[in-house]
Asker: 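Have a look at the structure that comes next, please.
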Amino acid sequence: AQLTLELWNVSQVRRPLHVFVPQGKAQIRPYANEGNSIRLKDALVHQSSTLPVKIPSGSELDGAAAIDWSRIECQKPAHFKFGLLVSQGLLLSTHPGPDLDRPVCWLRRFPATQGPLQHNAQIEIYNSKEMDYAELEVHAPSSELALGQKTSFHQDWLFWQNL
């Protein structure tokens with residue numbers, strides 16, 4: 001007997017926040033069955049060639065600032081969900097900190113392994129209309145496991161306050 005599954009990591013994060021993904025705006029797909037995703041994409045997704053935060057030196061992510069990023073606004077109650085495929089397994093979010101000029105940053109690094117994906121997305125961003133949170137999702141490709149087999153999906157998380 002075999003079981004096909006995907007390991008997903010879903011984190012609910014209190015709004016407001018900005019989410020940065022290493023992909024152009026055109027490659028970010030709105031989910032038609034999730035609220036107003038199609039209508040809201042142009043207003044909430046912005047392409048940027050630079051990050052508005054400084055990546056800490058020595059974090060093994062010094063080159064991340066040179067990637068083309070898109071910013072997704074998760075600031076207010078609105079029902080939307082976006083998905084995307086990436087060639088670099090990075091997901092960054094910024095959150096207001098005690099010093100509003102210095103946001104708290106959260107960078108997730110994961111293997112951008114290619115393979116079958118249930119939603120055809122390695123990253124999904126969901127924003128709730130009813131609750132005060134957004135969900136940041138990272139997906140591993142499907143695995144087929146026989147009885148007694150194991151699987152894993154490793155992520156590195158880095159938190160810092162922007163300089």
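Numbers here simply count residues along the sequence, with the first being 1. None of the values given here were measured: they were computed from a predicted structure.
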Asker: Going by salt bridge (charged side-chain N to carboxylate O under 4.0 Å, His left out), name the pairs with one or both residues in residues 69-78, residues two or more places apart or in two chains.
Answerer: R71-E73
Asker: Measuring from atom CG of L85 to atom CD1 of I28, what distance do you get when rounded to the nearest 0.5 angstrom?
Answerer: 11.5 Å
Asker: Taking the side chain from E135 and the backbone from V10, do they hold a donor-acceptor pair closer than 3.5 Å?
Answerer: no
Asker: Ignoring hydrogens and geometry beyond distance, is a side-chain donor-acceptor pair present between H95 and S93 at under 3.5 Å?
Answerer: yes
Asker: Report the distance from atom CD1 of I72 to atom NZ of K41, rounding to the nearest 0.5 Å.
Answerer: 9.0 Å
Asker: For residues 152-159, tabulate all N or O donor-acceptor pairs below 3.5 Å that involve a side-chain atom, not counting sequence neighbours.
Answerer:
unit_1: H154; atom_1: NE2; unit_2: D156; atom_2: OD1; d: 2.9
unit_1: Q155; atom_1: OE1; unit_2: R108; atom_2: NE; d: 3.2
unit_1: Q155; atom_1: OE1; unit_2: R108; atom_2: NH2; d: 3.4
unit_1: Q155; atom_1: OE1; unit_2: W157; atom_2: NE1; d: 3.0
unit_1: D156; atom_1: OD2; unit_2: R109; atom_2: NE; d: 3.4
unit_1: D156; atom_1: OD2; unit_2: R109; atom_2: NH2; d: 2.7

Asker: Hey, what else clusters with M131 if you join Ile, Leu, Val, Met, Phe, Trp, Tyr whenever side-chain heavy atoms sit under 4.5 Å?
Answerer: Y126, Y133
Asker: Using 0.5 Å steps for rounding, measure from the CG atom of L17 to the SG atom of C105.
Answerer: 11.5 Å
Asker: Under the side-chain contact (heavy atoms from CB on, under 4.5 Å) test, which residues partner Q149, sequence neighbours left out?
Answerer: L145, A146
Asker: How long is the straight-line distance from CG of L3 back to OG of S143, given to the nearest 0.5 Å?
Answerer: 10.0 Å
Asker: For W160 and L107: C-alpha separation, side-chain torsions, deciding distance, then whether side-chain contact (heavy atoms from CB on, under 4.5 Å) applies.
Answerer: CA-CA 9 Å; W160 74 97; L107 182 66; 3.7 Å; yes
Asker: Test your reading of the model: is there a side-chain donor-acceptor pair from Q23 to the backbone of W69, 3.5 Å cut-off?
Answerer: no
Asker: I would like to know whether T94 and H18 meet side-chain contact (heavy atoms from CB on, under 4.5 Å); could you show each step before the answer?
Answerer: CA-CA 5 Å; T94 60; H18 295 113; 3.4 Å; yes
Asker: Between Q122 (side chain) and V86 (backbone), is there a donor-acceptor pair under 3.5 Å?
Answerer: yes
Asker: What's the spacing between S70 OG and I125 CD1 if we round to 0.5 Å?
Answerer: 11.5 Å
Asker: Could you walk me through whether F110 and N9 pass side-chain contact (heavy atoms from CB on, under 4.5 Å), step by step?
Answerer: CA-CA 11 Å; F110 57 94; N9 177 262; over 6 Å; no
Asker: How long is the straight-line distance from CZ of F80 back to CD of E34, given to the nearest 0.5 Å?
Answerer: 11.0 Å
Asker: If you look only at pairs with a residue in residues 117-128, which of them pass as a salt bridge (charged side-chain N to carboxylate O under 4.0 Å, His left out), with sequence neighbours excluded?
Answerer: K81-E124
Asker: Go through the steps to decide whether T151 and L5 satisfy the test side-chain contact (heavy atoms from CB on, under 4.5 Å), and finish with yes or no.
Answerer: CA-CA 10 Å; T151 189; L5 57 88; 4.2 Å; yes
Asker: Can you list every pair that meets salt bridge (charged side-chain N to carboxylate O under 4.0 Å, His left out) and has a residue in residues 1-26, with sequence neighbours left out?
Answerer: R14-D132, R15-D132, K25-D42
